[in-house]
Amino acid sequence: MQEQQVEEFGGLARPAVSLEQAQGLAESLFGVRGRVSELGSQQDRNFLIEAERGRFLLKVSNPAFPARELEAQDVAMRALHAADIPAPEPVMPLAGGTAAVDVDGRTCVVRLLTFVDGEPLIDVVHWSTATTAALGDLAGRVSAALADAGHPGFERRLQWDLRHAERVVGDLLRHVADDDRRRLVEDATAQAAAALAPLADRLPLQVLHGDLTDDNTVCERDALGRPRLTGVIDLGDAALGWRVAELAIACSPVFHHDPDRPLAVLPLIAAFDAHARLTDDEIAAIWPLLVLRGATLVVSGEQQVAIDPGNDYADTARDREWLMFAVPAAFDEAVATAAIRRALGRHVAAPRSLEAGPVVPVGTAVAVVDLGWSSRQLEAGDWLHDPEGTEERVLGEAAASGIAATRFGQPRLTRARALDPAPPRNAPLGVDLRVATPTGLVAPFDGELRPTRNGLVLTGRDAALVVDGVGPESPGPVSAGAPIGTVRRAAWLQLLDLAVGPVPAEPRRFVPAAELPAWRVRFLDPAPLLGMPPAPAEEPPAGVLARRDAAYSTLQSHYYAAPPRIERGWRELLIDTDGRHHLDMVNNVTVLGHGHPRIAAAAADQWRMLNTNSRFHYGVVADLSERLLATLPGSFDTVLLVNSGSEAVDLALRLARAFTGRDDVLCVQESYHGWTLASDAVSTALSDNPRAEETRPGWVHVVDALNAYRGRHRGPDAGAAYAADAVAEIDRLAAAGTPLAAFLAEPRNGNAGAIEVPPGYLAAVSTAVRAHGGVWIDDEVQVGYGRQGDVFWGYQQHEDVVPDIVTVAKAMGDGHPLGAVITRREIADALASQGSFFSSAGGSTLSARIGLEVLAVLQDEGLQANAHEVGEHLRRRLEALAERQPLIGAVHGRGLYLGVELVRDRVTLEPATEETAALCDRMLELGVIVQPTGDRQNVLKVKPPLCFTLGSADHFVDLLDRVLTEGF
């Protein structure tokens with residue numbers, strides 16, 4: 001009966017053993033006593049024994065499995081230990097030999113194994129590429145360790161042996177109750193088995209672990225919470241089998257952890273191959289085996305629940321087992337195999353060049369339509385709010401007097417979404433065709449013409465042409481050049497290589513851009529059939545980065561180790577060359593949002609008219625200066641226009657020195673003011689200049705960072721305490737004969753992470769500075785211009801203070817190099833003795849025109865009010881998130897200039913620097929660009945364009961919550 005069950009791959013109910021019985025068996029047979037709890041298993045009974053001498057696993061094996069097979073498992077465990085792979089070790093029974101127990105009249109072997117500590121990998125929610133590769137590395141090491149293992153007990157017939165998968169599925173398929181699922185499993189199994197049949201006899205055999213999955217792999221977490229694989233458990237399925245089956249079994253869990261990316265298994269396969277180099281036959285067998293593994297899991301799981309209704313372990317596994325089948329079953333086998341070969345560095349044949357004629361009448365000119373990032377026909381975000389209408393418009397305009405077609409493989413913006421954590425499926429495996437008048441198509445090669453549900457297919461000797469939206473002219477054999485159908489208005493064309501496989505019933509139309517190289521083995525570019533040049537290959541981000549590093553000084557750093565190639569933007573979105581839309585959380589320079597049409601129009605119009613410098617006389621420089629002065633109190637009456645924030649601060653320092661006749665400047669720790677010699681000298685942020693303290697000139701004096709959260713003074717009285725320290729330093733310098741020319745500070749410490757300047761501080765310090773004849777320079781380069789929402793200038797949030805000099809840049813030009821120094825005429829005139837001031841682009845016609853338009857848009861679109869409304873919503877949501885996520889220590893800032901400070905401990909405030917970097921990398925994977933700031937690099941800077949929406953704010957917080965919950 002036992003042998004018959006195994007032979008027919010029948011289900012095996014677990015032995016009926018209670019916790020009390022398990023405790024007794026452990027003590028009587030092995031001399032181990034401790035607390036007992038049950039662990040999950042499909043067909044055995046597993047118990048954790050926590051004893052004084054350690055933790056053990058008591059296994060009461062199913063009576064269907066003979067002792068020789070269990071002995072073989074011991075051999076496999078010892079082989080793993082010999083290869084330094086942590087695995088259970090068998091403990092000898094007190095009486096020696098083999099321990100057994102009678103359960104319901106049947107003999108069950110009882111074994112005690114050492115317990116391999118660790119968290120099951122299945123409990124790790126987020127699987128990074130590194131985690132996936134680590135499982136492949138472990139599987140490869142296990143395969144190599146078991147390659148020479150031998151024992152008669154490995155000659156087993158198990159339902160998990162993929163050599164028998166087709167039969168197992170056939171025997172157990174009746175247990176799948178859902179008709180649609182049952183048919184899908186049946187059809188996919190038949191196709192996979194057929195693909196595997198010619199390879200089967202050539203696949204190498206060896207001993208396998210047989211169930212090396214996330215259930216049977218344990219890990220420990222590193223300091224960042226990332227899993228590090230530490231051991232292998234449960235060799236209950238160790239047996240002889242195809243070597244590549246070990247790999248397929250290890251791959252299967254990836255599909256339930258990352259079901260939207262079938263090719264996420266590639267790093268695992270590559271890591272396995274590094275230890276056990278796969279043959280070409282094994283590579284070809286991987287995808288069919290993945291389908292068969294998934295189908296076996298599905299039918300076995302359904303059967304196990306049917307015969308063992310109380311088996312919660314089997315019951316809860318059914319949903320993920322379905323994913324482990326459905327994901328690979330839905331993916332094209334030939335495409336997957338090509339992707340695997342490419343990932344392993346094996347040869348992949350280039351797309352074939354077919355001998356084919358035109359599909360449109362000879363001499364017909366076809367206009368090429370660009371729907372990608374480089375398209376100038378896509379405008380003002382129309383591809384997002386009306387993607388179908390936009391495609392129709394662009395194609396219709398291009399085909400107004402003839403024929404137009406899109407590009408094969410070009411990632412379309414019209415097929416991407418704005419706030420999506422997954423890469424878009426927007427790379428077309430065909431082309432759209434539009435005609436102004438009905439146009440006949442002709443056969444590009446000899447073939448058989450037949451109708452399809454959506455149009456026609458012409459099947460030739462080497463290729464097939466699929467045309468949707470067009471009925472066949474006359475089904476049957478046709479010769480090249482013969483009519484095949486008429487396009488009335490629109491059609492969709494795809495060209496498939498028949499050497500790879502037959503035409504699918506529903507050929508896939510769009511895929512993620514990252515998958516496109518693999519899909520090109522099946523789908524060919526139809527452009528030559530339309531008289532169009534082939535779609536140009538997009539230079540990958542890594543190639544452009546290499547050229548950048550070779551020609552553009554790496555001193556000018558870039559975000560991320562492997563950055564996406566960003567070539568377009570719209571509002572708060574940055575768009576890469578794959579068409580993916582990233583949420584931009586850091587671009588405070590582009591205050592209005594990317595691609596603003598009014599700024600583009602104003603710049604273009606002014607370029608057409610005139611662009612020259614402010615030594616010529618024109619009206620727009622006066623217009624901009626007047627508008628700037630109107631935002632400030634009447635004490636401000638003059639404006640100097642410059643190119644940048646660095647230049648603005650540098651000029652402000654010169655003005656202060658000229659006005660006071662002094663050199664010394666007081667500034668605040670952890671601040672950044674620019675890169676020129678003077679502005680860098682007063683920049684104290686170590687994150688921008690690690691040598692700031694040792695290179696600081698003697699005329700620069702520094703007071704403590706104004707941080708009531710983690711600084712020297714904390715809490716509600718911090719402002720008075722910091723002010724007292726600063727005033728004492730100001731008085732000391734004056735008494736020493738070096739009174740200050742200026743006190744330089746931001747009204748909110750930007751680079752430190754939007755840290756609040758405590759109330760009362762600026763009033764007390766500015767009063768003290770002026771009492772000794774100095775001036776206060778208010779650096780608004782980062783935090784001004786409406787960004788804080790309820791005030792236009794940052795200093796306005798502080799009571800009873802007005803600066804002497806205001807510097808501004810960044811937002812002022814919406815990305816165009818433009819800045820200003822705004823002050824009193826008496827201060828500006830003090831520089832006259834040193835000559836006139838001039839900045840080539842600062843007050844140019846173009847810069848002034850752009851600056852004027854920026855102010856107009858800020859007002860017309862209510863962006864300051866939007867910064868207040870959305871910023872307050874965002875802050876509230878972040879503060880609520882901090883109540884649930886202990887890594888968030890504080891939320892700083894106001895409006896749309898915020899900082900999310902991450903700490904490892906809310907008492908010691910130990911900065912979570914590494915976690916912050918890892919979080920930013922993970923957020924990039926989910927389509928959000930956010931970066932660390934501050935001297936400790938543990939604050940997320942949150943300063944998006946002021947057009948930021950409530951929906952974008954919620955999306956950011958939701959993904960931040962997800963990453964903090966799932967891990968990095």
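Only this structure's heavy atoms are used, side chains among them; waters, hydrogens and symmetry mates stay out.
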Is the shortest heavy-atom distance from the side chain of [X] to the side chain of [Y] under 4.5 Å?
X    : Y    : result
F968 : D921 : no
I85  : V232 : yes
T213 : S252 : no
L135 : T217 : yes
L495 : L354 : yes
D525 : P534 : yes
L344 : L278 : yes
L208 : L146 : no

Quiz item: Taking atom CD of E119 as the centre, does the number of heavy atoms from other residues, nucleotides or ligands within less than 6.0 Å exceed 12?
Solution: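 More than 12 heavy atoms, drawn from other residues, nucleotides or ligands, come within 6.0 Å of this atom.
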Quiz item: Should the heavy atoms of other residues, nucleotides or ligands under 6.0 Å from CG of D319 be counted, would the total exceed 12?
Solution: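 Result for CG/D319: open.
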About how many Å separate [atom2] of [Y] and [atom1] of [X], when rounded to the nearest 0.5 Å?
X    : Y    : atom1 : atom2 : result
N216 : L235 : CG    : CG    : 8.5 Å
L529 : L524 : CG    : CG    : 9.0 Å
T131 : H257 : OG1   : NE2   : 9.5 Å
Q304 : E302 : CD    : CD    : 11.5 Å
L297 : I249 : CG    : CD1   : 8.5 Å
H256 : W322 : NE2   : CH2   : 16.0 Å

Can you give me the closest heavy-atom contact between [X] and [Y], atom names plus distance?
X    : Y    : result
P504 : P507 : O-CD, 3.5 Å
P227 : C219 : CB-SG, 3.8 Å
Q73  : A238 : CG-CB, 4.4 Å
P411 : P428 : N-CD, 4.4 Å
F325 : L184 : CZ-O, 3.8 Å
V185 : A295 : CG1-CB, 4.0 Å

Is any NZ, NE, NH1 or NH2 atom of the basic residue among [X] and [Y] found under 4.0 Å from an Asp or Glu carboxylate oxygen of the other?
X    : Y    : answer
D578 : R580 : no
D187 : R183 : no
R68  : E155 : no
E539 : R547 : yes
R522 : D332 : yes
R341 : D280 : yes
E538 : R565 : yes

Exercise. In sequence, state the C-alpha distance, the side-chain angles, and the governing distance for F255 and L290, and then conclude on side chain to side chain contact (heavy atoms under 4.5 Å, CB included).
Key: CA-CA 10 Å; F255 299 126; L290 287 171; 3.9 Å; yes
Quiz item: Checking side chain to side chain contact (heavy atoms under 4.5 Å, CB included) for the pair W242/L289: CA distance, chi angles, key distance, verdict?
Solution: CA-CA 10 Å; W242 286 321; L289 286 172; 3.8 Å; yes
Residues 514-521, side-chain donor-acceptor partners within the protein, below 3.5 Å, at least two apart:
residue : atom : partner : partner atom : Å
E515    : OE1  : W519    : NE1          : 3.1

Is the closest side-chain donor-acceptor distance between [X] and [Y] under 3.5 Å?
X    : Y    : answer
H209 : D237 : no
H126 : R922 : yes
T129 : T132 : no
T189 : E166 : no

Quiz item: Does any pair with a residue in residues 320-331 pass salt bridge (Lys or Arg N to Asp or Glu O under 4.0 Å), and if so which ones, sequence neighbours excluded?
Solution: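 Listed by first then second residue: D215-R320.
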Keeping [X] on the side-chain end and [Y] on the backbone end, is there a donor-acceptor pair under 3.5 Å?
X    : Y    : answer
W160 : D211 : no
Q494 : R508 : yes
R182 : V176 : yes
D576 : P564 : no
D214 : L121 : no
S143 : A139 : no
Q191 : A188 : no
R167 : R163 : no

Exercise. Could you give me the CA-CA distance, side-chain angles and deciding distance for E89 and H81, then say whether side chain to side chain contact (heavy atoms under 4.5 Å, CB included) is met?
Key: CA-CA 8 Å; E89 289 186 275; H81 275 279; 2.9 Å; yes
Results of side-chain hydrogen bond (donor to acceptor under 3.5 Å, both in side chains) for [X] - residues two or more places apart only:
X    : value
D258 : R261
R277 : none
R412 : E391, T406, D432
R461 : none

Exercise. Test side chain to side chain contact (heavy atoms under 4.5 Å, CB included) on D462 and F445 and set out the steps.
Key: CA-CA 9 Å; D462 300 319; F445 43 73; over 6 Å; no
Quiz item: So, is the end of the R156 side chain (NZ or CZ) under 6.0 Å from the ring centre of F65 and within 45° of the ring's axis?
Solution: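 Judged by the rule, R156 and F65 form a cation-pi pair.
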